[in-house]
Undergrad: 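Pasting a structure below so you can have a look.
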Amino acid sequence: MLIFSSVSKSNFYTTPFLCIAVQNSRLFSFTIATNGSASTSSISTNSFNIIKSHKHILFHYLNNQTLNQARAFFDQIPSPHVSLYTIMLHAYADNHRLCEAIDLFRQIPFKDVVSWNTMIKGCLHCGDIITARKLFNEMPHRTVVSWTTLVDGLLRLGVVEEAEALFWAMDPVDRDVAAWNAMIHGYCGNGRIDDALRLFHLMPSKDVISWSCMIAGLDHNGDSGQALVVFRDMVASGVWPSSVGLVCGLSAAAKIPALRVGIQIHCSAIKLGDWRFDEFISASLVTFYSSCKQMEAACLVFGEAVCKNVVAWTALLTGYGFNDKHLEALEVFKKMMRVGVIPNESSFTSALNSCCGLEDLERGKVIHAKVVKMGLESGGYVGGSLVVMYSKCGYVSDAVSVFKGINEKSVVSWNTVIVGCAQHGYGMWALALFNQMLRERVDPDGITLTGLLSACSRSGMLQKARCFFRYFGQERLVTLTIEHYASMVDVLGRCGELEEAEALVMSMPMKANSMVWLALLSACRKHSNLDVAERAANQIFEMEPDCSAAYVLLSNLYASSSRWAEVASIRKKMKHNGVVKQPGSSWLTLKGQKHNFLSADRSHPLNEKIYQKLEWIGVKLKELGYVPDQQYALHDVETEQKEEMLSYHSERLAIAFGLLSTVKGSTITVMKNLRVCGDCHSAIKLIANIVDREIVVRDSSRFHHFKNGKCSCGDYW
DNA sequence: ATAGGGTTAG
């Protein structure tokens, strides 16, 4: 990456870093430091041993039994030492039983500063700032730990200003490195990266935690490149990275992704100690190699990891998904359950995403069942993945019903379901959901507007689209981006308002890109406007000379008005520019098996039967008075041949195969890489009637639900 | 293993 190009390769990562690594080979084991017991000198050895055994038993109850059982044991201890009280306070607060903690705290006869600090931390952990503040003011002796506890807790709750004031109100002599670190970490956690950097440079001395905070903070705030620079500075300043520091560095290297740097960090992890025992490093390495598209390395690292916890498994599963290896991803998911690792929300999210990638509803449903069994259906992430999965597989009403069950619906959840409805042409649903979103006081964002505009476009709701566009823009709800303008041009164009659409393109505050012009060109195709089309196409050819869609659209336009000379000239131009029209293909997935068809394909094993079925359909279509619309046959050939080409379009082959291979009456779902052609669209409406089934076709632009002689797109697409 | 500051999967 650029950041490193200024640094000589040999200097930085190879020499000093690895030297330090060698010297510090005991890094992973030196944490087992011993604490002296000098502070207990006022207590006799005998009572010290008794307290020690009480602690031992108390922890045994806390770890292996319930909190109530631990309390029952605690209650049996005659005049428990304050440290035993403190252990109980901690446990109550951890379990969000703050009232009981406060109650017990009041009963402590001789409170020490540790018990006060624990109680303050407990209040903050449970979100009770008022009591925390009150205790802090009431306590007789405050140490730097008390101050830091309050500062850190406030920052975690987002109360930045008060934390800042407290931090600066501390006696500067007391303000130790942990206090500075808490403040830096808190700034990062609240997105205030510049303030964090300012403090980072201001602090008198930095330890390895300060560096790690800063690296992770930059990385999480979207500046992984700068994170690696800070990582480099840390090494240069002679601070040895801890295992945590290495994990932070790996995470940044994964995001960029920076393969060479990450490998250097991996090397250091080997030299510094045995990384295979560190679950954090193992998982980070898997993610790192996956994001660098090095799945073999990711597998090797995973295989060597001693602690294969749910995070490591999920990292591998996600890695395969990230590399579009969805079958392998789901194999990992299966294997992890076979070896007894219980998947969590993240694992399910990734597994569902892979089902989605495979467009495999069957597998998705099996995983959905497991999700329900584990009670994870209402989580934002898992719920969201289910919504996407059902909606991408064509089952929009299932998507909506899963959405309704999500507990805390974020703007992302709302956007997902709105976009889902839009893609299926359920415009009114999308709008109703948007109103509900506003009622529930969730602020819409740019994606919401895109979703709404595409809903309007696909349902022909021009007035609504104008309203949304104006409302979002004028109320400054979002900054209008080029994508929003492209969507608006799309709506206007589809509804036949070509002049207004072109005027909008010309008056946009930014220069129109090929996406915007393509929206206009598609509209011209639909409304047969050669004049505007030629202008739009020329713009596209200038910006993106290999945009095959533009050539095809323009060529089709000429063809439909029988201007064969122009068609030929475009074809020549395409050839000259080396542009290849993507061949149309359609597919459907049955029992985990993907069946792919090209136009006039004869390679499928059931070839004979498929063509018989198509013939039968053809006869039935003719009986219904159907006449093929030849403008969609793009070649200059005899009429009879054109008809034949149309009836063997890939989507029809896929549908015929679907009819042969599924139960009578069930829905057939077919995917297509290009837009479904107009003639097939008319024909499939009738075919759905002839065979009395619902046929769903997902093309490159949207979903079409064919049923009872109609399509859900209302012929807008 | 009575109290404060850093990390991994989505």
Side-chain angles (χ1 to χ4, degrees), chain A residues 35 39-40 51-52 54-56 58-60 62-63 80-91 108 111-122 124 143-153 155-156 174 176-186 188-189 203 207-217 219-220 241-252 254 278-288 290-291 305 307 309-319 321-322 336 343-353 379-382 384-385 412:
Chain A
N35 275 326
S39 60
T40 53
I51 294 168
K52 208 171 142 186
H54 282 156
K55 276 186 201 169
H56 187 82
L58 196 51
F59 275 117
H60 175 81
L62 288 171
N63 291 333
H81 185 254
V82 60
S83 61
L84 297 168
Y85 275 99
T86 308
I87 294 165
M88 285 306 299
L89 295 182
H90 202 118
I108 305 179
K111 300 176 181 73
D112 62 357
V113 66
V114 177
S115 57
W116 282 95
N117 291 344
T118 305
M119 197 60 242
I120 291 171
K121 169 107 169 168
L124 292 163
T143 63
V144 61
V145 177
S146 325
W147 288 83
T148 309
T149 304
L150 188 53
V151 166
D152 177 65
L155 286 165
R156 279 173 205 271
D174 284 347
D176 63 5
V177 65
W180 285 91
N181 290 345
M183 200 63 222
I184 289 171
H185 178 244
C188 292
M203 65 193 299
D207 65 5
V208 65
I209 297 183
S210 326
W211 288 98
S212 304
C213 272
M214 208 57 248
I215 294 164
D219 182 35
H220 291 161
S242 60
S243 62
V244 176
L246 295 174
V247 167
C248 297
L250 279 172
S251 162
D278 188 304
E279 52 179 289
F280 282 79
I281 292 191
S282 303
S284 303
L285 281 170
V286 172
T287 302
F288 162 71
S290 308
S291 15
C307 173
N309 63 7
V310 62
V311 181
W313 279 98
T314 307
L316 191 63
L317 154 62
T318 310
F322 178 78
M336 104 185 234
N344 62 16
E345 288 173 78
S346 299
S347 335
F348 280 118
T349 303
S350 294
L352 286 166
N353 289 345
Y381 280 114
V382 179
S385 302
V412 178

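Within every chain, numbering begins at 1; the chains are lettered A, B, ... in the order of the sequence lines, protein sequences first and strands thereafter.
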Undergrad: Where the side chain of Phe280(A) is concerned, which of dG5(B), dT8(B), dT2(B) is the nearest nucleotide?
TA: dT8(B)
Undergrad: Select base, sugar-phosphate, or nothing to describe what Val208(A) touches, counting heavy atoms under 4.0 Å on all strands.
TA: base
Undergrad: Using a heavy-atom cut-off of under 4.0 Å over every strand shown, decide if His220(A) touches base, sugar-phosphate, or nothing.
TA: sugar-phosphate
Undergrad: Out of dA1(B), dA3(B), dA9(B), which nucleotide sits closest to the side chain of Thr118(A)?
TA: dA3(B)
Undergrad: Does a donor on one side chain sit under 3.5 Å from an acceptor on the other, for Asp207(A) and Ser210(A)?
TA: yes
Undergrad: Regarding Val151(A), tell me which of base, sugar-phosphate or nothing describes its non-hydrogen contacts under 4.0 Å with the strands shown.
TA: nothing
Undergrad: Using the P atoms only, state how far dG5(B) lies from dA1(B), rounded to an integer number of Å.
TA: 16 Å
Undergrad: When only distance counts, do a donor and an acceptor, one from the side chain of Thr349(A) and one from the base of dG10(B), lie under 3.5 Å apart?
TA: no
Undergrad: Among all residues two or more places apart in sequence or in another chain, which pass the side-chain contact (heavy atoms from CB on, under 4.5 Å) test with Ala315(A)?
TA: Val286(A), Thr287(A)
Undergrad: Indicate, with a heavy-atom threshold strictly under 4.0 Å, whether Gly319(A) touches base, sugar-phosphate, or nothing.
TA: nothing
Undergrad: Report the nucleotide, chosen from dT2(B), dG5(B), dG4(B), that has the shortest atom-to-atom distance to any side-chain atom of Lys55(A).
TA: dT2(B)
Undergrad: Heavy atoms only, 4.0 Å cut-off, all strands: where does Val382(A) land among base, sugar-phosphate and nothing?
TA: nothing
Undergrad: Is a donor-acceptor pair below 3.5 Å formed from side chain Thr148(A) to base dG4(B), judging by atom type as modelled?
TA: yes
Undergrad: Under the side-chain contact (heavy atoms from CB on, under 4.5 Å) rule, collect the residues that match up with Ser146(A), sequence neighbours excluded.
TA: Val113(A), Asn117(A), Phe136(A), Met139(A), Arg142(A), Thr143(A)
Undergrad: Would you say the base of dA9(B) and the side-chain of Asn344(A) have a donor-acceptor pair closer than 3.5 Å?
TA: yes
Undergrad: When you compare dT2(B) with dG6(B), how far apart are their C1' atoms, in angstrom units rounded to a whole number?
TA: 23 Å
Undergrad: Please report the distance separating the C1' of dG4(B) from the corresponding atom of dT8(B), rounded so that it comes out in whole Å.
TA: 23 Å
